[in-house]
Amino acid sequence: MRITLTRLKSFHHLADIRRLLSGIIVTVGLVVVLVQCFGIPCPKAFCLSPPVNVSVFVLTNNSNETEVSVVKTEMNYINLSDDDVVISKDKVEELNVSVIGRPNVSLENPKMAVERSKSDSNLVLVRSKGSRKGNVLSMRQKRGGAVSISQMKSLLIQSLSSLHSPKPRWSSARDSEMLSARSEIEDASVVHGVLGLNSSIYRNISKFQRSYNLMEKKLKVYVYKEGEKPIFHNPKPRGIYASEGWFMKLMESNKKFVVKDPRKAHLFYIPISIRALRSALGQDFQTPRNLADHFKEYLDLIAGKYKFWNRTSGADHFLVACHDWGNKLTKMHMRNSIRSLCNSNVAQGFRIGSDTALPVTYIRSAESPLENLGGKSPSERKILAFFAGSMHGYLRPILVQLWENKEPDMKIFGPMPRDREGKKKYREYMKSSRYCICARGYEVHTPRVVEAIINECVPVIIADNYVPPFFEVLDWEEFAVFVEEKEIPNLRNILLSIPEERYIGMQARVKMVQKHFLWHKKPVKFDLFHMILHSIWYSRVYRIKTR
């Protein structure tokens with residue numbers, strides 16, 4: 001009987017333990033849910049991420065003055081809601097630092113909050129998903145940081161000697177002609193100036209002149225006839241994506257470079273509009289993967305009908321795409337090909353020396369692409385810097401937050417009215433400013449780079465990892481200023497530190513380079529059509545490989 005009672009007590013104790021454990025599990029589950037919903041810091045012992053030392057910089061506007069408070073703390077966070085950026089070591093080896101509420105940051109009317117890791121000064125700004133108008137922001141640190149313009153130069157030099165296309169399956173007389181052209185470019189005689197060109201804006205004017213002349217003399221392009229409108233053969237020469245439309249229109253109607261016999265072609269043009277591909281297929285094709293698969297069907301069509309894609313695995317084929325998704329939709333299926341892309345972001349797969357950077361040209365009138373050309377002389381430009389635009393992406397809200405109405409010579413605004421008077425005022429600001437701020441939007445590219453050049457205003461490019469157009473031949477630092485995104489708080493000091501003589505020289509070179517960024521109804525020597533084609537030619541010449 002004693003044994004039975006002992007066993008019965010043990011049974012009751014076991015049941016109590018089970019109930020206790022169940023209660024603990026439920027409690028822990030509720031705590032986790034609460035933390036995920038409200039972003040509450042958790043004790044070290046329960047955190048899913050290691051502690052991180054950060055310095056938090058919170059900027060608020062009180063009485064028209066900027067107040068900066070610095071808080072150094074060690075924070076641990078587990079996963080928060082989808083609207084927050086989480087501290088964690090994720091698969092891409094990035095460190096995401098959350099925006100957290102401080103007494104001087106209102107969550108109902110959020111101000112701009114910026115956080116920086118103590119361990120590294122290489123920063124990339126990121127907008128918190130839940131913020132309105134981009135007011136609540138955080139910074140994301142990436143290992144290795146942004147690729148500077150100097151590093152891009154080094155990558156370009158390395159690519160010219162190391163990048164090669166796949167070995168062709170059989171030889172072609174066109175390959176030999178391209179190899180011969182490369183030898184002639186490398187052996188170009190030294191020249192210090194060419195009629196209509198100034199050597200100061202080029203990396204090597206001798207090579208550029210020889211390469212351009214050889215392109216005009218030798219290059220032949222075959223344009224595929226396959227493909228239905230509106231995705232293929234349907235150029236749209238207006239709007240923000242006009243570059244791909246203008247090139248398609250001028251390429252398909254060209255009689256100098258285009259050949260009807262594909263056996264005579266050095267390059268093969270795929271006349272697709274990524275803009276139209278994105279918009280024409282309806283709701284069933286709204287993901288990059290679905291659109292890429294649709295594009296692959298076209299490549300399979302021409303590969304099955306012709307032998308040329310298969311000979312080089314697409315290495316002598318190219319497309320011109322200005323849509324944001326141009327990189328995503330083509331990087332898999334055109335990995336061996338030449339892609340001329342407006343979204344030339346080296347952090348997202350743009351390949352310096354293989355791909356070519358396409359200018360974004362916002363054309364308002366297809367009948368008058370050269371309207372409003374020119375601007376005031378340096379002595380008449382009284383505004384130090386100008387920017388106006390929609391709050392696209394994470395960077396522009398920071399620019400406006402820091403500089404709007406802060407200094408009389410810094411004309412930094414949000415979106416201006418889109419009526420006739422607003423557009424006129426926008427142009428007047430560009431024509432009257434020394435420096436025009438070209439801040440990235442959702443992606444690294446912006447039409448302001450070309451707009452600045454057209455209005456003879458020195459571009460100030462704030463877009464980490466952005467490869468500027470015609471980078472292989474133009475020396476951009478001679479006529480543009482590159483400012484890292486993390487240096488926006490120092491923007492005015494950076495511009496004021498540029499000597500007057502240096503600015504006047506840069507502004508003069510902006511006027512010199514202008515001819516390379518203009519569309520003409522009938523292409524002229526060294527214009528935008530020819531420069532895009534030359535970049536593609538140059539890429540193929542330096543990457544070609546024979547059997």
Side-chain angles (χ1 to χ4, degrees), residues 196-198 200-201 240 359-365 368-389 396 399-400 403-439 446-463 468-470 474-483 491-520 524 526-528:
L197 303 180
N198 186 292
S200 63
I201 63 175
I240 197 169
V360 187
T361 55
Y362 190 3
I363 303 298
R364 292 169 175 80
S365 171
S368 304
L370 301 179
E371 63 181 356
N372 302 312
L373 195 63
K376 294 182 179 180
S377 65
S379 61
E380 296 176 297
R381 294 177 178 262
K382 305 302 182 183
I383 300 170
L384 177 65
F386 164 67
F387 172 84
R396 295 181 187 179
L399 175 68
V400 172
W403 291 112
E404 187 175 27
N405 298 322
K406 296 299 190 299
E407 298 287 347
D409 59 354
M410 297 282 285
K411 303 299 182 183
I412 308 297
F413 311 107
M416 295 181 71
R418 295 182 178 273
D419 56 16
R420 179 175 296 181
E421 188 61 30
K423 293 175 181 177
K424 180 181 178 181
K425 192 172 183 179
Y426 180 91
R427 291 193 299 270
E428 288 175 351
Y429 272 124
M430 276 207 156
K431 295 178 185 299
S432 304
S433 300
R434 290 189 156 215
Y435 300 98
C436 290
I437 308 302
C438 307
T446 165
R448 285 164 186 79
V449 177
V450 174
E451 284 181 336
I453 292 172
I454 287 175
N455 290 283
E456 297 171 2
C457 180
V458 175
V460 178
I461 298 173
I462 311 178
F470 317 135
L474 295 181
D475 191 352
W476 273 83
E477 289 178 289
E478 290 300 312
F479 56 88
V481 178
F482 290 83
V483 175
L491 179 59
R492 186 169 183 268
N493 288 337
I494 290 171
L495 299 180
L496 288 175
S497 70
I498 298 173
E500 179 71 9
E501 184 179 353
R502 170 69 175 165
Y503 162 72
I504 292 175
M506 294 180 77
Q507 200 270 345
R509 287 187 282 273
V510 167
K511 295 172 69 173
M512 294 173 191
V513 82
Q514 192 181 71
K515 69 178 64 164
H516 295 320
F517 292 89
L518 304 178
W519 290 114
H520 297 270
V524 301
F526 298 123
D527 72 351
L528 192 44

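- The CD1 atom of I363 sits 8.0 Å away from the CG atom of L370 when rounded to the nearest 0.5 Å.
- Residues I240 and V360 have side chains in contact (heavy-atom distance under 4.5 Å, counting atoms from C-beta outward).
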Is there a side chain to side chain contact (heavy atoms under 4.5 Å, CB included) between R434 and V458 once you walk through the steps? CA-CA 6 Å; R434 290 189 156 215; V458 175; over 6 Å; no

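- A 4.5 Å side-chain heavy-atom check between K411 and S432 finds every atom pair outside the cut-off.
- When side chains are defined from C-beta on, F479 does not count as touching M512, because their heavy atoms never get closer than 4.5 Å.
- A donor-acceptor pair is defined here as one N or O able to donate and one able to accept, closer than 3.5 Å; such a pair exists between the side chain of S365 and the backbone of S368.
- Residues I461 and T446 form no side-chain contact, since every pair of their non-hydrogen atoms from C-beta on lies 4.5 Å or further apart.
- The shortest side-chain heavy-atom distance between V481 and Y503 does not fall under the 4.5 Å cut-off.
- When every heavy atom of W476 is checked against every heavy atom of P469, the shortest pair comes out as NE1-O, 2.7 Å.
- Taking CZ of R396 as the reference point, atom CD1 of I462 lies at 10.5 Å (rounded to 0.5 Å).
- With a 4.5 Å cut-off on side-chain heavy atoms, R492 and D409 count as touching.
- Residues I453 and P459 are in side-chain contact: their nearest non-hydrogen atoms beyond the backbone lie under 4.5 Å apart.
- Contact record, G422 with D419: N-OD1, 2.7 Å, taken as the closest heavy-atom pair.
- Residues P359 and L528 come closest through the heavy atom pair CG-CD1, 3.6 Å.
- With values rounded to the nearest 0.5 angstrom, I454 atom CD1 is found 11.5 Å from C436 atom SG.
- Remark: Y435 OH to M410 CE distance equals 11.5 Å, nearest 0.5 Å.
- Atoms NZ and CZ, from K424 and R420 in turn, are 10.0 Å apart once rounded to the nearest 0.5 Å.
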Can you give me every donor-acceptor pair (side chain of residues 380-389, partner residue at least two apart or in another chain, under 3.5 Å) with its distance?
{"from": "E380", "atom 1": "OE1", "to": "S377", "atom 2": "N", "distance (Å)": "3.3"}
{"from": "E380", "atom 1": "OE1", "to": "S377", "atom 2": "OG", "distance (Å)": "3.0"}
{"from": "R381", "atom 1": "NE", "to": "K376", "atom 2": "O", "distance (Å)": "2.8"}
{"from": "R381", "atom 1": "NH1", "to": "M430", "atom 2": "O", "distance (Å)": "3.0"}
{"from": "R381", "atom 1": "NH1", "to": "K431", "atom 2": "O", "distance (Å)": "3.3"}
{"from": "R381", "atom 1": "NH1", "to": "S433", "atom 2": "O", "distance (Å)": "2.6"}
{"from": "R381", "atom 1": "NH2", "to": "K376", "atom 2": "O", "distance (Å)": "3.2"}
{"from": "R381", "atom 1": "NH2", "to": "N455", "atom 2": "O", "distance (Å)": "2.8"}
{"from": "R381", "atom 1": "NH2", "to": "E456", "atom 2": "O", "distance (Å)": "3.0"}
{"from": "K382", "atom 1": "NZ", "to": "S379", "atom 2": "O", "distance (Å)": "2.9"}

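- To the nearest 0.5 Å, atom CG of residue L474 and atom CZ of residue R509 are 13.0 Å apart.
- In terms of heavy atoms, A480 sits closest to M506 at O-CE, 3.3 Å.
- Between the side chain of E404 and the backbone N or O of F413, no donor-acceptor pair lies under 3.5 Å.
- Heavy atoms only, all atoms of each residue included: F526 and H516 are closest at O-ND1, 2.8 Å.
- The minimum heavy-atom distance linking L518 with Q514 is given by the pair CG-O, 3.3 Å.
- For the pair R448/I437, no side-chain contact is recorded, criterion being any heavy-atom separation below 4.5 Å from C-beta on.
- With salt bridges taken as basic N to acidic carboxylate O contacts below 4.0 Å, one links R364 and E451.
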